[in-house]
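Okay, structure first, notes after.
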Amino acid sequence: MSSILTNNSAMVALQTLKSINSNLAKTQDQISTGKDVGSAKDNSAIWAISKVMESDVSGFQAVSDSLALGESTVAVASAGAEQITNVLSDMKEKVVAATGENVDYTKLAADINESIAQVTSIINASQFNGMNLLNDDGVDLTVTSSIDRDNTGAITVSEITVAAVDFTSNLDLSDIDVSDATTAAASITALEAHIQTAVDGAAALGASAKRISDQNVFVGKVMDAMKSGIGSLVDADMEAASARLQALQTQQQLGVQALSIANQAPQTILSLFR
């Protein structure tokens, strides 16, 4: 039965064209944004996962900044401790020389005092952004090293603590005396203990610096892996999108033509009244 009021063919053609136009708009949006899942309506589950991962990436970026600051702070302290070790080794030569006879104890004592003053200066200068791990402030350095999410979504923060070595208190060089051969001989034992203290402190700081540096490298790799994972979830396959765009544009042209043909069908009814 033909009707001038109801054109089933035109309705089918119109719905098909609407579907094609909707898919075409979605494909064009994917190409323009580069994302297959750009909003929650595209895929709510994937979108939610990607947003949680993106927030974790932002958190890890802050962690990386914290590790970089901590690494610089420890590096300054470590360099100071190593330099102090070198100064103490030079002092040892002068103390050993003072144990001999026919030496100028006054000049040796002056050199020793200058070295002690240099050690004090190094301790005071070994600070980064106000944090000094060599003096007697007694403040340990706490560095945020990671943010950990368990299977329930709960977040915990991991930290690395670098203990201050406090050379101001633990490296008291007032017991070094080269006023004569006897006191100089006694000072050798005391200086050996000071050298060991400096070496132990420098080694501890070096180990902490290595740990922080390795953790920062790891965090960088974690961020790269998470960014790659987010991309695999939400990024559009541009090759497939390009091919789909060409196909949909062709379908759109055919759909318009089919609708035009369907709209012309009622015209044939006029032949019945001639």
Side-chain angles (χ1 to χ4, degrees), residues 30 33-40 42-85 122-167 198-238:
Q30 290 174 356
T33 63
K35 289 188 175 182
D36 187 39
V37 180
S39 63
D42 295 328
N43 188 321
S44 59
I46 295 299
W47 181 84
I49 293 172
S50 68
K51 287 304 176 182
V52 171
M53 293 179 67
E54 286 175 2
S55 71
D56 284 351
V57 169
S58 298
F60 274 113
Q61 183 59 60
V63 169
S64 181
D65 294 340
S66 174
L67 287 168
L69 179 60
E71 184 177 355
S72 299
T73 303
V74 177
V76 169
S78 181
E82 291 175 7
Q83 183 60 32
I84 288 173
T85 301
I122 293 172
I123 292 173
N124 293 332
S126 298
Q127 60 83 29
F128 187 86
N129 195 32
M131 171 63 73
N132 193 326
L133 296 173
L134 301 188
N135 63 12
D136 56 356
D137 288 345
V139 179
D140 296 338
L141 176 65
T142 300
V143 182
T144 301
S145 60
S146 180
I147 49 173
D148 307 320
R149 184 186 299 276
D150 61 20
N151 58 359
T152 66
I155 290 290
T156 56
V157 177
S158 298
E159 296 177 337
I160 295 175
T161 299
V162 181
V165 294
D166 188 8
F167 281 172
V199 169
D200 291 344
L205 291 171
S208 296
K210 180 66 165 58
R211 181 184 175 188
I212 294 174
S213 176
D214 289 347
Q215 181 66 16
N216 203 7
V217 172
F218 169 71
V219 168
K221 291 180 178 180
V222 168
M223 285 193 294
D224 289 344
M226 295 183 72
K227 290 176 182 177
S228 179
I230 294 171
S232 65
L233 289 174
V234 303
D235 289 355
D237 184 341
M238 298 305 289

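We use all heavy atoms of the structure for the numbers below, so side chains are in, but hydrogens, waters and symmetry mates are not.
Remark: side-chain polar atoms of Asp214 are not paired, donor with acceptor, to backbone N or O of Arg211 under 3.5 angstrom. When atom types are taken as modelled, the side chain of Ser72 and the backbone of Ala68 share a donor-acceptor pair closer than 3.5 angstrom. Judged purely by atom type and a 3.5 angstrom limit, Asn132 uses its side chain to pair as donor or acceptor with the backbone of Ile123. Although no hydrogens or angles enter the test, the distance criterion places a donor-acceptor pair under 3.5 Å between the side chain of Ser145 and the main chain of Ser158. Looking only at distances, no side-chain donor or acceptor of Ser44 sits under 3.5 Å from a matching main-chain atom of Ala40.
In this structure, the side chains of Ile160 and Ser208 stay at 4.5 Å or more apart for every pair of heavy atoms. Met131 has its side chain within reach of Leu133: a pair of non-hydrogen atoms, C-beta onward, lies under 4.5 Å apart. Side-chain contact between Leu69 and Phe128 is present, with heavy atoms from C-beta onward closer than 4.5 Å.
Note: Ser58 OG to Met223 CE = 10.0 Å, rounded to the nearest 0.5 Å. Rounded to the nearest 0.5 Å, atoms OG (Ser66) and CD (Glu159) are 8.5 Å apart. Rounded to the nearest 0.5 Å, atoms CD (Gln215) and OG (Ser64) are 10.0 Å apart. In this structure, CZ in Phe60 is found 14.5 Å from NZ in Lys221, a value given to the nearest 0.5 Å. Expressed to the nearest 0.5 Å, how far CD1 of Ile155 lies from CG of Asp150 amounts to 8.0 Å. Rounded to the nearest 0.5 Å, atoms CG (Asp140) and CG (Asp137) are 11.0 Å apart.
Residues Val37 and Asn43 come closest through the heavy atom pair CG1-O, 3.9 Å. Annotation for Val219 and Val63: closest pair CG2-CG1, 4.1 Å, computed over non-hydrogen atoms. Closest approach of Ala77 to Ser126, counting heavy atoms only: CA-CB, 4.4 Å. Across all non-hydrogen atoms, the minimal contact from Leu205 to Leu134 is CD1-CD2, 3.8 Å.
Using modelled atom types, one finds no donor on one side chain facing an acceptor on the other under 3.5 Å when comparing Thr73 with Asn129.
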Give every donor-acceptor pair under 3.5 Å between a side-chain atom in residues 226-238 and any protein atom, sequence neighbours left out.
from, atom 1, to, atom 2, distance (Å)
Ser232, OG, Gly229, O, 2.7
Asp237, OD1, Glu239, N, 3.3
Asp237, OD1, Ala240, N, 3.3

Is there a side chain to side chain contact (heavy atoms under 4.5 Å, CB included) between Ser50 and Lys35? Walk through the geometry before answering. CA-CA 12 Å; Ser50 68; Lys35 289 188 175 182; over 6 Å; no

Mind running side chain to side chain contact (heavy atoms under 4.5 Å, CB included) on Asp36 and Ile46 for me, showing each step along the way? CA-CA 10 Å; Asp36 187 39; Ile46 295 299; over 6 Å; no

